[in-house]
Amino acid sequence: MSLVDDIRAQAGEAPVRAALILGSGLGHLADTVDGVSIPYDQLAGFPHAGVSGHAPKLVIGDLEGVHVAVLGGRAHYYEAGNPNAMRLPLETVAALGAEQLILTNAAGSFRSETPPGDLMLIEDHLNYSGLNPLIGEATDRRFVNMTDAYDPAIRTKLTKAANSEGIDLLSGVYAWYSGPSFETPAEIRALKILGADAVGMSTVPEVILGRFLGLRCAAISTITNMAAGMSDEAISHEHTKAMAPLGAAKLERVLRRYLKDLA
């Protein structure tokens, strides 16, 4: 039995409409899905996803009237040096029928108007790391067109959902930095010159893979800190985990309203 067949045997044959990847502070949303939860370690080939603050499980079921596949944790490049770590999970949700992929993450802001606790809708990205999950792909499919990688129509609907909830949702450019060390103030200054508005250690390889697989993608960052050199706060993973729930509560409302509208 294939992996997809095994999942369908547990979760049913109904096709998934949307897939979500949950970042720091949003893991509890997976527990509100009316469906089946399968830990990653029971899915052959799925990543370990061993970062504290994530809940590594695949949940398939209904959320706000939409049949979804929720990836409760992600594997980051910095865990094992593999930018391709999320390929199998994304291939799996695509095979289950997902047409769109909504990603969330925690990020550091460069802008005073987007402070910790706020959200940023990603309009484009800078692959500052230079790494790519499609290196080694043997077919010409590897030459993925990344124009409008963050689907304009989905972004418009997410903005509408935020407005309906009375939540500010500014747009900006997200820079992917490999981690696990945080960026230096000099690196942040360079990224600002290049046009970035926030920085984080995920999402970009997943969007590249999503576009490779034909998924329409969108992403929202929860701002957990000001980037290095932008304030006097001490940046740490513990700080990220502590601050993530502040924006995550807003982000959950946006995602739920978006799904209600989608339904």
Side-chain angles (χ1 to χ4, degrees), residues 1-76 85-106 151 154 157-158 161-162 164-165 202-203 206-207 209-210 213-220 222 244-245 247-263:
M1 181 181 291
S2 72
L3 177 61
V4 172
D5 289 338
D6 181 43
I7 293 170
R8 284 179 174 147
Q10 298 181 62
E13 296 288 335
V16 166
R17 189 170 179 193
L20 290 81
I21 297 182
L22 303 182
S24 299
L26 265 182
H28 69 279
L29 185 60
D31 297 327
T32 69
V33 176
D34 182 13
V36 173
S37 176
I38 310 172
Y40 282 4
D41 59 12
Q42 295 181 18
L43 297 167
F46 266 55
H48 177 60
V51 179
S52 60
H54 288 246
K57 58 187 176 183
L58 171 65
V59 182
I60 298 177
D62 295 324
L63 183 62
E64 301 297 346
V66 178
H67 203 58
V68 299
V70 177
L71 294 162
R74 55 161 53 95
H76 303 74
M86 290 298 289
R87 179 162 176 165
L88 180 60
L90 292 177
E91 287 177 335
T92 300
V93 296
L96 290 169
E99 301 168 348
Q100 57 182 265
L101 173 66
I102 310 296
L103 306 102
T104 71
N105 62 50
D151 189 272
I154 297 179
K157 292 176 181 177
L158 285 167
S164 297
E165 292 293 319
S202 69
T203 302
E206 297 151 19
V207 170
L209 287 167
L213 296 168
L215 296 170
R216 299 169 61 205
C217 299
I220 299 178
T222 297
K250 298 178 185 177
L251 182 49
E252 179 176 349
R253 287 167 55 197
V254 173
L255 293 175
R256 285 184 176 277
R257 176 57 68 103
Y258 172 77
L259 291 172
K260 285 179 183 177
D261 294 341
L262 188 64

Value for CD (Q10) from CG (D5), rounded to nearest 0.5 Å, stands at 11.5 Å
Note to self: Apply side-chain contact (heavy atoms from CB on, under 4.5 Å) to residues L22 and R74 and explain how you reach the verdict.
What the structure shows: CA-CA 8 Å; L22 303 182; R74 55 161 53 95; over 6 Å; no
CG of L209 to CG of L101, rounded to nearest 0.5 Å, is 9.5 Å
Contacts of Y258 meeting ring-ring contact (aromatic ring centres under 6.0 Å, His included) (sequence neighbours excluded), chain-then-number -> none
The reported gap from CD1 in I154 to CZ in R216 (rounded to nearest 0.5 angstrom) is 4.0 Å
The complete set of salt bridge (Lys or Arg N to Asp or Glu O under 4.0 Å) pairs with one or both residues in residues 22-48, sequence neighbours excluded, reads D31-K57
Closest heavy-atom pair, P89 versus L71, reported as atoms and distance to 0.1 Å, is CB-CD2, 4.1 Å
task = Run the numbers on V16 and V93 for side-chain contact (heavy atoms from CB on, under 4.5 Å), then give the verdict.
result = CA-CA 7 Å; V16 166; V93 296; 5.6 Å; no
Interatomic distance, CE@M86 vs OG1@T92, rounded to 0.5 Å, equals 9.5 Å
message = Whether the side chain of T104 engages the backbone of I21 through a donor-acceptor N/O pair (distance < 3.5 Å, no angle test) should be reported.
response = yes
Rounding to 0.5 Å, atoms CG (L215) and CG (L90) come to a distance of 7.0 Å
Residues passing the side chain to side chain donor-acceptor pair (under 3.5 Å) test with D261, sequence neighbours excluded, are none
So the salt bridge (Lys or Arg N to Asp or Glu O under 4.0 Å) pairs with at least one residue in residues 85-100 (sequence neighbours excluded) are R87-E91, R87-E137
Taking every heavy atom of L3 against every heavy atom of A44, the minimum-distance pair comes out as CD2-O, 3.9 Å
Of all heavy-atom pairs linking E206 and A75, the shortest is OE2-O, 4.4 Å
So L29 and V70, do their side chains get closer than 4.5 Å, heavy atoms only? no
Across all chains, not counting sequence neighbours, the side chain to side chain donor-acceptor pair (under 3.5 Å) partners of S164 are none
Residue pairs passing the salt bridge (Lys or Arg N to Asp or Glu O under 4.0 Å) test with at least one member in residues 9-27, sequence neighbours excluded, are none
Between V36 and A11, the two heavy atoms sitting closest are CG2-CA, 4.0 Å
Value for CG (L262) from CD1 (I102), rounded to nearest 0.5 Å, stands at 8.5 Å
Closest heavy-atom pair, T222 versus L251, reported as atoms and distance to 0.1 Å, is OG1-CD2, 3.5 Å
Applying salt bridge (charged side-chain N to carboxylate O under 4.0 Å, His left out) to R8 and not counting sequence neighbours gives none
Across all chains, not counting sequence neighbours, the salt bridge (charged side-chain N to carboxylate O under 4.0 Å, His left out) partners of R256 are E64, E252
When every non-hydrogen atom of A95 is compared with those of V4, the smallest separation belongs to CB-CG2, 3.7 Å
